[in-house]
Amino acid sequence: MVVYETDLPRVGKKFDLDLDRNAKLVVVVHNTGKRELFLQEPSECDPKKLFEASEETANQLGTIMEGTYFQSVRDETISTVLDRDALLEWVRVAETSALVDETIVESGLLETDASIIAIQRGSETIQNPDPETTLRGGDTLVAIGDRRSHAALEAIASGEAADRSDREES
Amino acid sequence: MAETTLFELGVVFAVIAFGGAVANRTGQSVVPFYLVVGILASEHVLGRLGSLGVGDAALSVHPYVTESEFVALGAELGVVFLLFFLGLEFSVDRLAAHGDDIGKAGLVDLGINFPIGVALGLLFGWRPIEAVLLGGIVYISSSAVTTKSLLDLGWIANDESGPLLGTLVFEDLAIAVYLAIVSAVVLGGGGVAAAATEIVLAVAFLGALVGLAHFGTGLFRRLLAVDSRELTVLRAVAITVSIAGFAVTIDVSEAVAAFFVGMGFSSTGHVHELEELLSPLRDVFAAVFFFWIGLTTNPWLFADPAIVGAIAVTVLATTPAKLVSGFLGGRIYDLDDRHSFRVGVGMVTRGEFSLIIATIAQAGATPVLAETIPAIAVGYVLVTSVLGTALMQYSDPLWSIVEPYSVTGR
């Protein structure tokens, strides 16, 4: 599929996608973040505006269209969106996870982009945990980060990390 | 020049905000409305009403807005920020990538409209430099008004948006060079020798600025890479305004200096951030600029048949010229006749830059420079900004009238 890209100085960028039946989809990405979607029917002279969306809505729409959105909402996780790049998420450490009996430093969690801001252990909450804190199975990690780093953290915490890296390599 | 009280300043912004609200309500661009409220609030209109006894004598302040130093400085800041943004959004890479079409369409635009303006000036019996100023005023279309109409009408997704915005970019670069030369000549104010020295000085200073824009990217980037919005804004404003202000002290146009500073910032990777942080400043001070232009315009000049005649002749001659040059520009981009026609229609509006040229003329010594050209520019911008917006809104019915005469039949 060919996507034609046109620069719109002072406005943003325009993308033209050819659809079936000689119809054309026009996406205008404004510098302000706003997105507009137009449909050009072959019989019409000018494209018709379908809708406009904010950057945030458009990004979510994008992940839905891509078929990846549903993966980020799992039943066992609770998340709060702070802004586009920052989500607050609660992640449970499974007994089988590689994190069990590791300190935060040893676990390699510091290298991911998600930061652990608290650990809930039973009725106790450890705020701002020390890097030497040892993690246990059944802990709930409260972490802040973007969607991607949360996905990585979740994979490690649930014990699926090995699986996951295999998949990425293939 | 008088001192501004805080209350008076509040009135200024209230009046500007009112003008903007009316513009929004009527679907027009804000530029002509800021101009009109400036004219109405001035000593020439409100001041006269006041002296006729209509104004409230009990008010301790005079009932009109004076051309105070603060408003004048605010207007100057408006010019600086307008041009700074042009520079910021100007990309040499983009020009290089689409240079062929932009260059051709831009040259057609320049080659048709600028000479017509100069010829009109000479026809009015003006001196060459005065005619060249009129050439600039009629040549440069309004990026602000045209871009807003493009967005409002949804033309942005259409084929005509490329050539329209591309030609405007070409005009921006042309006007930066033009302002540099013209302001040196006018502000130098003297004979050929003095003008030559001024031009050499201006070119040397601008050369230094281009060098800074090109090689100073690293420096600018470091200066802007602070983790505080406050400091980023302050630093950007400090650099821009001080360089532009220094330019004025050596008789170089502050507008041009600001353009090149903007260009210097454009490759720092902070463009988006700067746009977001500084656009409120630009909007506020650009509004003050338009208001100030209205304030300094004596509307009674519009009662002078010679001025009105000159405005009418200029509009009648240059509107079709823009329609033709825009149409040809559209054809260069391979558009069909209908969309090419729209490119022409979109170019009719003149605005901020014509007024900036008028302020340069205002600083000149002859009566034509100081009074006639600014008045013509204001009248001309008022007419073309309203006319241009209307033409864009009614371009489809207009096209059905013009279509039968279409030469190329595409």
Side-chain angles (χ1 to χ4, degrees), chain A residues 1-19 21-59 61-62 82-86 113 115 144-146, chain B residues 82 85-99 101-102 142-144 146-173 266 271-276 279 333 335-339 341-342 395-396 399-400 403:
Chain A
M1 187 183 62
V2 191
V3 179
Y4 301 94
E5 185 185 323
T6 316
D7 244 320
L8 303 175
R10 274 190 275 287
V11 176
K13 270 188 195 299
K14 179 167 82 112
F15 299 90
D16 293 27
L17 289 82
D18 287 330
L19 303 176
R21 324 171 272 117
N22 287 324
K24 202 173 69 174
L25 202 61
V26 183
V27 182
V28 178
V29 180
H30 293 252
N31 288 337
T32 56
K34 186 171 88 173
R35 314 287 206 268
E36 285 181 292
L37 201 67
F38 298 82
L39 180 66
Q40 165 96 64
E41 293 282 1
S43 54
E44 297 278 326
C45 173
D46 290 312
K48 270 206 179 57
K49 180 163 165 174
L50 299 176
F51 65 87
E52 65 177 64
S54 69
E55 188 169 16
E56 195 185 350
T57 314
N59 286 348
L61 184 67
L82 298 179
D83 70 36
R84 196 161 49 79
D85 294 322
D113 287 329
S115 359
I144 191 162
D146 59 17
Chain B
L82 276 171
F85 265 78
L86 278 197
L88 194 62
E89 288 155 355
F90 186 86
S91 144
V92 181
D93 301 339
R94 177 188 296 142
L95 200 61
H98 305 274
D101 284 346
I102 291 186
S142 169
S143 319
T146 300
T147 309
K148 181 180 182 301
S149 299
L150 274 183
L151 295 172
D152 288 351
L153 296 173
W155 286 15
I156 198 71
N158 302 4
D159 296 336
E160 61 267 20
S161 60
L164 263 173
L165 293 168
T167 311
L168 289 174
V169 165
F170 183 94
E171 287 191 353
D172 295 344
L173 190 63
S266 71
V271 174
H272 193 66
E273 193 186 353
L274 283 175
E275 276 176 348
E276 218 174 86
S279 59
Y333 272 75
L335 302 191
D336 60 19
D337 282 353
R338 179 196 183 91
H339 289 101
F341 175 71
R342 286 196 187 164
S395 73
D396 282 346
W399 173 244
S400 52
E403 191 176 11

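Numbered from 1 within each chain, the chains take letters A, B, ... in sequence-line order.
Applying the side-chain hydrogen bond (donor to acceptor under 3.5 Å, both in side chains) test to A/Thr32 and every residue at least two apart in sequence or in another chain returns nothing.
Among pairs with a residue in residues 156-165 of chain B, those fulfilling side chain to side chain donor-acceptor pair (under 3.5 Å) read A/Asp46-B/Asn158, B/Asn158-B/Glu160, B/Glu160-B/Arg342, at least two apart in sequence or across chains.
Screening B/Leu151, B/Ile156, B/Thr147 for a side-chain contact (heavy atoms from CB on, under 4.5 Å) involving A/Leu8 leaves a single residue, B/Ile156.
Only the side chain of A/Lys14 has a heavy atom closer than 4.5 Å to any heavy atom of chain B. For A/Gln40, no part sits under 4.5 Å from any heavy atom of chain B, backbone or side chain. Heavy atoms closer than 4.5 Å to chain B are found in the side chain of A/Lys24, but not in its backbone.
Top candidate by heavy-atom pairs under 4.5 Å with chain A, chosen from B/Leu164, B/Asp172, B/Leu150, B/Val271, is B/Asp172.
The two atoms that bring A/Phe38 and B/Ala157 nearest to each other are CD1-CB, 3.2 Å, heavy atoms only.
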